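Note that ligands are numbered from 1 as they come in the structure, with each ligand's atoms numbered from 1 the same way. Computed from a prediction, not measured in an experiment: that's the story for all the values here.
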Amino acid sequence: MPDSRPVHGGLDVVELKALGLRPDEVVDFSASINPLGVSPRVADAIRRVDLSAYPDPECTALRNTLSAHLGVPPDRTLVGNGSTELIHLIASARLRRGGPAAVFAPTFGEYEAACRLHLVEPLPIRAAPGREFRWDIAEVTHLLAELQPKLVFICNPNNPTGTYLERNEVEACARAVGDSGLLVLDEAYASFVDERWDPAPLLEVGNVALVRSMTKQHGLPGLRLGYMVAPARMVREVRRFQYTWSVNAVAQAAGVAALDDPDHVEKGRLVVRAAREYLVREVRGLGLACTPPSANFLLVEVGNATALRLELLRRHRVCVRDCTSFGMPGHIRIGVRGMQDSRRLIDALTDVLGRSLTSVH
Ligand SMILES: Cc1ncc(COP(=O)(O)O)c(C=O)c1O
């Protein structure tokens, strides 16, 4: 059976080794993580975890903390080993007897992968580049109402396009999906959005589940942590597919400490906002088209993304995300980092584009 796991950002240690590079000398713009890294409060909390005891299989402390922060009862929350685990658990729960399913595309590869593991080929609802990758919601709701999918994934803001759907657009999609379907709203990057709307009222519709990653906003991708908020019966349905202890004790402690340190997330958002403005201006100044960003990454049209990425890595030790796996071989995605790193990226781009206009374009 071929290995059909999706491609992701992040450094590839095998590739770096082949290029004679060490991970610690490469600046990684290919993943989109809080540029401030791990909060000192989280670092302190994880040092105090007793590794000789089993983790709480119910994640009680973390779910209670989530409940207090979100204003929902703990039985409407489920914690996962990264939001990726939750995406797969949801697909297991909803697609075990088959589809149809739909995915707002181009987007994060795990939705499609999770559907395919259940032998369901999801319908890609592709946004057109001409409309700055915004979907035509009237058209989409019509399609959803016809398809009556059991499962629909929307990433908001969307990776990699940065499209941020408004509340009424998501509500219209939820209505079109109907009572027999489930709309998953993945808010992995929502904490980096400047004017964010609160999706909590959507949960009352009854067919919406919210999935949030804690790895981006709290700078913890290596730890794996995410959560889902949904009606209690849906949480019970999904939870049946989760194996005991999937969320380790270190991640649980980190989650509690992270939620109790909202300033860290807010400071990260402000750093991102400043560097994002700079990057957009400079990238456009280099003559490249950049889709209006809403979160902590930029989608930039470069011509040949694979060639440009490799040149940036080889010559300047900066890594960007080649969007070929999203079906967009002409685009790169840049995860926003602090100003110093951002300047380094712009210098690198200026050099590589100036040097190899013929081979890159
Ligand atoms: C949209 C989206 N959702 C979920 C994830 C997975 O996050 P986690 O680290 O919580 O598994 C990613 C990671 O890239 C993502 O881009």
Side-chain angles (χ1 to χ4, degrees), residues 5-12 28-34 37-38 42 59 62 66 77-91 103-115 122 124 127 133 151-165 170 183-193 196 199 209-229 238 242 246-248 250-252 254-255 258-259 265 268 272 293-299 319-323 325-326 328 331-337:
R5 287 193 297 179
V7 174
H8 292 304
L11 299 179
D12 175 344
D28 185 13
F29 293 87
S30 71
S32 311
I33 309 294
N34 186 334
V38 181
V42 171
C59 299
L62 179 49
L66 276 170
T77 65
L78 182 66
V79 179
N81 185 7
S83 55
T84 302
E85 185 195 20
L86 295 165
I87 289 163
H88 282 264
L89 293 176
I90 293 169
V103 170
F104 280 48
T107 195
F108 183 50
E110 292 291 337
Y111 312 136
E112 182 182 80
C115 295
F133 294 98
L151 184 59
V152 179
F153 287 103
I154 300 184
C155 181
N156 203 40
N158 187 43
N159 168 16
T161 58
T163 313
Y164 188 55
L165 291 180
V170 178
L183 176 70
V184 175
L185 190 66
D186 180 346
E187 287 202 315
Y189 301 99
S191 60
F192 297 101
V193 173
R196 175 184 181 185
L210 207 60
V211 169
R212 286 188 181 147
S213 169
M214 292 187 73
T215 68
K216 326 282 179 200
Q217 53 182 335
H218 301 291
L220 301 167
L223 198 55
R224 319 302 307 124
L225 192 62
Y227 64 88
M228 158 178 158
V229 189
V238 172
Q242 186 174 41
S246 85
V247 184
N248 68 70
V250 180
Q252 292 186 37
L259 288 168
V265 178
V272 162
S294 61
N296 58 335
F297 50 85
L298 268 58
L299 182 70
C319 185
V320 296
R321 172 75 153 90
D322 169 3
C323 291
S325 67
F326 292 104
M328 303 162 77
H331 289 79
I332 58 167
R333 189 191 65 202
I334 298 172
V336 179
R337 302 180 62 100

So which protein residues pack against ligand 1 under 4.0 Å, heavy atoms counted? Gly82, Ser83, Thr84, Phe108, Tyr111, Cys155, Asn159, Asp186, Ala188, Tyr189, Ser213, Thr215, Lys216, Arg224, Leu225
May I ask you to decide if Phe108's main-chain N or O and Asn159's side chain share a donor-acceptor pair within less than 3.5 Å? no
State whether the side chain of Arg321 and the backbone N or O of Ile334 hold a donor-acceptor pair below 3.5 Å, judged by distance alone. no
Side chains of Asn296 and Ser32: is there a donor and an acceptor less than 3.5 Å apart? no
Looking at CG of Leu86 and CD of Gln242, how far apart are the two atoms once the value is rounded to the nearest 0.5 Å? 7.0 Å
Ring-plane angle category for Tyr189 and Phe297, please: parallel below 30°, perpendicular beyond 60°, tilted otherwise. perpendicular
Value for CZ (Arg337) from CG (Asp28), rounded to nearest 0.5 Å, stands at 6.5 Å
